[in-house]
Amino acid sequence: MSGFPPDEPSAEVRVSPNFGPRRGTLRPDMIVLHYTGMATGAGAEAWLCDPASEVSSHYLVHEDGRIVQMVRESDRAWHAGTSSWFGRSDVNSCSIGIEIVNPGHMLGYRNFPKPQIDGVIGLCAGIVERHSIPAQRVLAHSDVAPGRKVDPGEKFPWKALFAAGVGHVVPAAPIRRGAVLKPDDTGAEVEALQSMLSLYGYGVEITGAFDRQTEIVVEAFQRHFRQRLVDGMADGSTIRTLERLLASARIASLK
C-alpha cells in the first residue's frame, strides 16, 4: 500500500506494513492509549513502520501535537499484544491503537506536553464519533495488559481528556489510614473487590484470594483511576473510587 486518505483529517500519513484485516465481524469499539517508550519520537515512528518490528498502531501523536496515521482505522494494527477486556482476548481486532511519544518509565518518564494532549483529545474525539465508542472504553494499555504493560502510566492526564468529553474517570476518593486488602488476604471482601474489577472489564479471576494477579490488576486500576498512589494494595480510597466508577458507568448506560 503506497498510501491512503487519513481517517483523521488533521493527520499526516506514513504507511506501516504491519497490519492485517480485523478478524471475523469485529469492528472498533474501544481506543487503547500507549506511550512509545523510546528515546525519540522519530525513532518510534520509524520502528512502528519497520516490517522487522512486527508492531504498529493506527496513530502516533508527537510531543508537539502532530498526528501521524500509519494504519487505516478499518484495518487491524498490531499494538495491544497479549491482552483482554471483558473476556475478549483479540483486542487488536476491536480497537484503535494510539501511540503517544514519551520515553516511558525506563528512559526518563516525563509529563505529557499540553500540545500533545490537545492532539490526543482531538484525535480521540474524532474516533469516538466515527465509531460510537463508549466513554468507558477509552483505555490504557495497562488496563488491557496489566502487569505486562504500564503505559501510558500514572502521569497521563486522564482528567484533561474527561474534561474535554473523552474517556471515563471519577474523582478519586481521598487516601486515608484504615483497613487495606493486600496479598494473601482471603474472604468475601476480596471476592467483592475482584467482582467489581471484573464488572468494569479487567481480567481477574474471582477466587476470594488476593493473589499476585489481583495485586497486578489493582495496580493497573490505580495507574488509570487513582494515580496519586500506585501500590497494588486495595485501600479504602481504591475501593471507593472503584465503586464510584461502576456507579457512574451504570448511570451513563441508562442515559
Side-chain angles (χ1 to χ4, degrees), residues 8 10-14 16 18 30-50 53-71 77-83 85 91-92 95-128 137-164 166-169 172 216 219-232:
E8 175 60 35
S10 63
E12 306 169 17
V13 173
R14 178 175 178 179
S16 172
N18 305 330
M30 70 173 72
I31 297 171
V32 178
L33 301 183
H34 310 250
Y35 64 40
T36 53
M38 296 182 67
T40 67
E45 184 176 327
W47 183 243
L48 291 164
C49 294
D50 186 342
S53 73
E54 297 186 345
V55 295
S56 63
S57 64
H58 294 89
Y59 294 97
L60 174 75
V61 182
H62 285 277
E63 290 181 308
D64 61 1
R66 183 167 53 92
I67 299 169
V68 179
Q69 183 170 4
M70 293 168 283
V71 176
W78 305 340
H79 62 95
T82 303
S83 52
W85 193 250
V91 170
N92 282 337
S95 65
I96 301 291
I98 300 174
E99 289 278 357
I100 304 164
V101 172
N102 189 292
H105 291 79
M106 300 298 291
L107 294 173
Y109 188 41
R110 56 181 178 246
N111 291 331
F112 296 81
K114 186 178 185 301
Q116 184 179 48
I117 295 304
D118 289 344
V120 171
I121 288 169
L123 174 58
C124 286
I127 295 169
V128 165
R137 293 179 75 87
V138 180
L139 299 166
H141 198 189
S142 55
D143 291 321
V144 301
R148 191 175 67 82
K149 295 294 182 178
V150 297
D151 56 314
E154 63 279 0
K155 292 181 183 292
F156 188 74
W158 294 101
K159 290 180 182 178
L161 271 67
F162 182 70
V166 173
H168 182 216
V169 297
I216 286 170
E219 186 175 292
F221 171 82
Q222 292 168 336
R223 187 167 276 113
H224 186 158
F225 298 104
R226 208 286 303 272
Q227 296 177 312
R228 182 178 170 188
L229 177 61
V230 179
D231 62 359

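Just so you know, these numbers use all the heavy atoms, side chains as well, and skip hydrogens, waters and symmetry mates. Counting from 1, the numbers follow the sequence of the chain as shown.
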In sequence, state the C-alpha distance, the side-chain angles, and the governing distance for V120 and Y59, and then conclude on side chain to side chain contact (heavy atoms under 4.5 Å, CB included). CA-CA 10 Å; V120 171; Y59 294 97; over 6 Å; no
Taken in chain and number order and not counting sequence neighbours, the residues that satisfy side chain to side chain contact (heavy atoms under 4.5 Å, CB included) with R110 are E63, N102, P103
In this structure, OG1 of T82 is separated from NZ of K149 (nearest 0.5 Å) by 10.0 Å
Those residues at least two apart in sequence (or on a different chain) that pass side-chain hydrogen bond (donor to acceptor under 3.5 Å, both in side chains) with Q227 are none
message = Which label fits F112 and F156: parallel for a plane angle under 30°, tilted from 30 to 60°, or perpendicular past 60°?
response = perpendicular
Rounded to the nearest 0.5 angstrom, the CE-CH2 distance for M30 and W85 is 8.0 Å
The side-chain hydrogen bond (donor to acceptor under 3.5 Å, both in side chains) partners of R226 (sequence neighbours excluded) come to D235, S237, T238
For T40, the side-chain hydrogen bond (donor to acceptor under 3.5 Å, both in side chains) test, sequence neighbours excluded, returns none
When rounded to the nearest 0.5 Å, the distance separating CG of L123 from CD1 of I31 is 7.5 Å
Taken in chain and number order and not counting sequence neighbours, the residues that satisfy side chain to side chain contact (heavy atoms under 4.5 Å, CB included) with A77 are S56, H58, V71, H79
Hey, are H105 and E154 close enough side-chain-wise for a donor-acceptor pair under 3.5 Å? yes
Tightest non-hydrogen contact, residues I67 and G119, listed as CD1-O, 3.7 Å
Ring pair (Phe, Tyr, Trp, His ring centres under 6.0 Å) filter on H62, not counting sequence neighbours, yields none
Salt bridge (Lys or Arg N to Asp or Glu O under 4.0 Å) filter on R148, not counting sequence neighbours, yields none
Applying side chain to side chain contact (heavy atoms under 4.5 Å, CB included) to A140 and not counting sequence neighbours gives S142, D143, P152, W158, H224
Worksheet item: Can you check whether G97's main-chain N or O pairs, donor with acceptor, with S95's side chain at less than 3.5 Å?
Response: no
With sequence neighbours left out, the residues meeting salt bridge (Lys or Arg N to Asp or Glu O under 4.0 Å) with D50 are none
Note to self: Using modelled atom types and a 3.5 Å cut-off, is there a donor and acceptor pairing between side-chain atoms of E8 and backbone atoms of I127?
What the structure shows: no
message = Does any part of the side chain of L48, heavy atoms only, come nearer than 4.5 Å to the side chain of V68, both counted from C-beta?
response = no
Rounded to the nearest 0.5 angstrom, the CG-CD distance for L60 and Q69 is 11.5 Å
Practice problem: Without swapping roles, check the side chain of Y109 against the backbone of K155 for a donor-acceptor pair under 3.5 Å. | Solution: yes
ask   = Are Q222 and L229 close enough that some pair of their side-chain heavy atoms sits under 4.5 Å apart?
value = no
Task: Side-chain donor/acceptor of E219 to backbone N/O of G147, under 3.5 Å - done: no
Is the side chain of N92 donor-acceptor paired with the backbone N or O of A80 at a distance under 3.5 Å, no angle test? yes
Shortest non-hydrogen pair, S53 vs N18, comes out as OG-ND2, 3.3 Å
In this structure, CG of L161 is separated from CD1 of I121 (nearest 0.5 Å) by 4.5 Å
Across all chains, not counting sequence neighbours, the ring pair (Phe, Tyr, Trp, His ring centres under 6.0 Å) partners of F225 are Y200, F221
Applied to residues 111-124, the salt bridge (charged side-chain N to carboxylate O under 4.0 Å, His left out) test, sequence neighbours excluded, yields K114-D118
Worksheet entry | Donor-acceptor contact present, side-chain S16 to main-chain M70, <3.5 Å | no
In this structure, CD of E45 is separated from CE of M38 (nearest 0.5 Å) by 11.0 Å
Residue set satisfying side chain to side chain contact (heavy atoms under 4.5 Å, CB included) with I216, at least two apart, ordered chain then number -> P146, R212, Q213
